[in-house]
Amino acid sequence: MVAVTAPYVAGFLAFREVPVLVEAVQRLQQEEPQLQPQVLLVDGNGLLHPRGFGTACHLGVLTDLPCIGVAKNLLHVDGVVRDELHREQVRSLQRSGETFPLTDTSGKVLGMVLRSCNNSSKPLYVSVGHRVSLGTAVRLVRACCRFRIPEPIRQADIRSREYLRKQPCAPLEVLEAVPASPESSKKEAELED
DNA sequence: GCGACAG
DNA sequence: ATCTTGTCGC
């Protein structure tokens, strides 16, 4: 059982999810030494990030494992916007494996937009996390795609959701430990008046 | 000033 | 992310 308390805030995903991910990697290393990953596909971004250091970078540094950022949606980064030009470039990706780069205002490549399979026109946003080149990252992600979402991430999604389905409720003491949001505090105050 | 912005 | 009703295609 793990508990996540930090809220989701775009640009700060790592502060919410990395602690649990590090824990999972360490448990794998302790309990399954015969199954050591050579690279991690991270559900989120690496260098494609407002401060150039997304979840895949955090996890890579803390585990010293090669990490690849794989986002299903484009995070807002200065110089990288999903305007009409972006949508047009996405439409130009006709076949699985086709890509185009995402560049910041200075011309530096932050990541690649990848059409991961022929069936889906919605691309993936691949970026370097740690100890891997962008070219290798794109090739690996592409090679993992039976469907749009790379199989390791897809399986993690499916299996974690199945787990949550069987463990629907968090322990009461955990819920009580979570501070009330300003919004809910306001509602509670109104009720008590 | 407001909205947009990984999961 | 989550919820939800229906639809299209292999």
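Below, chain A is the first sequence line, B the second, and so on; all start at residue 1. Source: prediction; values computed, not measured.
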J.: For DNA chain B, just give me the dot-bracket, please: Watson-Crick or G-U, both distances below 3.5 Å, ( ) intra-strand, [ ] crossing earlier pairs, | paired with another strand, . unpaired.
T.: .......
J.: Give the rounded distance in Å between these two atoms: CZ of R161(A) and P of dG7(B).
T.: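 Checked: the CZ to P distance equals 12 Å.
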J.: Identify whether any heavy atom of A71(A) sits under 4.0 Å from a base atom; if not, whether one sits that close to sugar-phosphate; answer base, sugar-phosphate or nothing.
T.: sugar-phosphate
J.: Reading DNA chain C from 5' to 3', where do the contacts with chain A start and stop? Cut-off is 4.0 Å to heavy atoms.
T.: dA1(C) to dT2(C)
J.: Nearest-Å distance, OH (Y125(A)) to P (dG7(B))?
T.: 10 Å
J.: With a 3.5 Å cut-off and heavy atoms only, can you find an N or O donor on one side and an acceptor on the other between the side chain of H76(A) and the base of dA6(B)?
T.: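 Looking at the base of dA6(B), it does not pair with any donor or acceptor on the side chain of H76(A) (distance under 3.5 Å).
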J.: Output the rounded distance in Å from CD1 (I153(A)) to C1' (dG7(B)).
T.: 11 Å
J.: Rounded to the Å, how far apart are L114(A) CG and dA6(B) C1'?
T.: 16 Å
J.: Before accepting this row, confirm whether a basic side-chain N of the pair E162(A)/R159(A) lies closer than 4.0 Å to the acidic partner's carboxylate O.
T.: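 No, this pair does not count.
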J.: Which string of ( ) [ ] | and . matches DNA chain C, if you list each base 5' to 3' and count Watson-Crick or G-U pairs only when both distances are under 3.5 Å?
T.: ..........
J.: In whole angstrom, what separates L164(A)'s CG from dG7(B)'s P?
T.: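 Atom CG in L164(A) sits about 17 Å away from atom P in dG7(B).
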J.: dG7(B) P sits how many Å from H49(A) NE2, rounded?
T.: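 These atoms are roughly 12 Å apart.
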J.: Let me know the distance between CZ of F15(A) and P of dG7(B), rounded to the nearest Å.
T.: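 In whole Å, dG7(B) P lies 18 Å from F15(A) CZ.
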J.: Applying a strict under-4.5 Å side-chain criterion to I, L, V, M, F, W and Y, I'd like to know whether L47(A) and Y125(A) cluster together.
T.: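 In one cluster: no.
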J.: Please check if the number of heavy atoms outside R95(A) that lie under 6.0 Å from its CZ is greater than 12.
T.: no
J.: So what does D43(A) touch, heavy atoms closer than 4.0 Å: a base, only the sugar-phosphate, or nothing?
T.: sugar-phosphate
J.: So L48(A), base contact, sugar-phosphate only, or nothing? Heavy-atom distance under 4.0 Å.
T.: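 The answer is nothing, as L48(A) stays clear of every strand by at least 4.0 Å.
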J.: Rounded off to whole Å, could you give me the CG-to-P distance for the L41(A) and dG7(B) pair?
T.: 14 Å
J.: Does dG7(B) have its OP1 or OP2 closer than 4.0 Å to a side-chain nitrogen or oxygen of K72(A)?
T.: yes
J.: Can you tell me if CD on Q38(A) sees more than 12 non-hydrogen neighbours from other groups inside 6.0 Å?
T.: no
J.: Examine distances only and state if a side-chain atom of R16(A) and a backbone atom of A6(A) form a donor-acceptor pair shorter than 3.5 Å.
T.: yes
J.: Tell me whether the count of non-hydrogen atoms from other residues, nucleotides or ligands lying under 6.0 Å of CZ in R51(A) goes above 12.
T.: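 Yes, enclosed.
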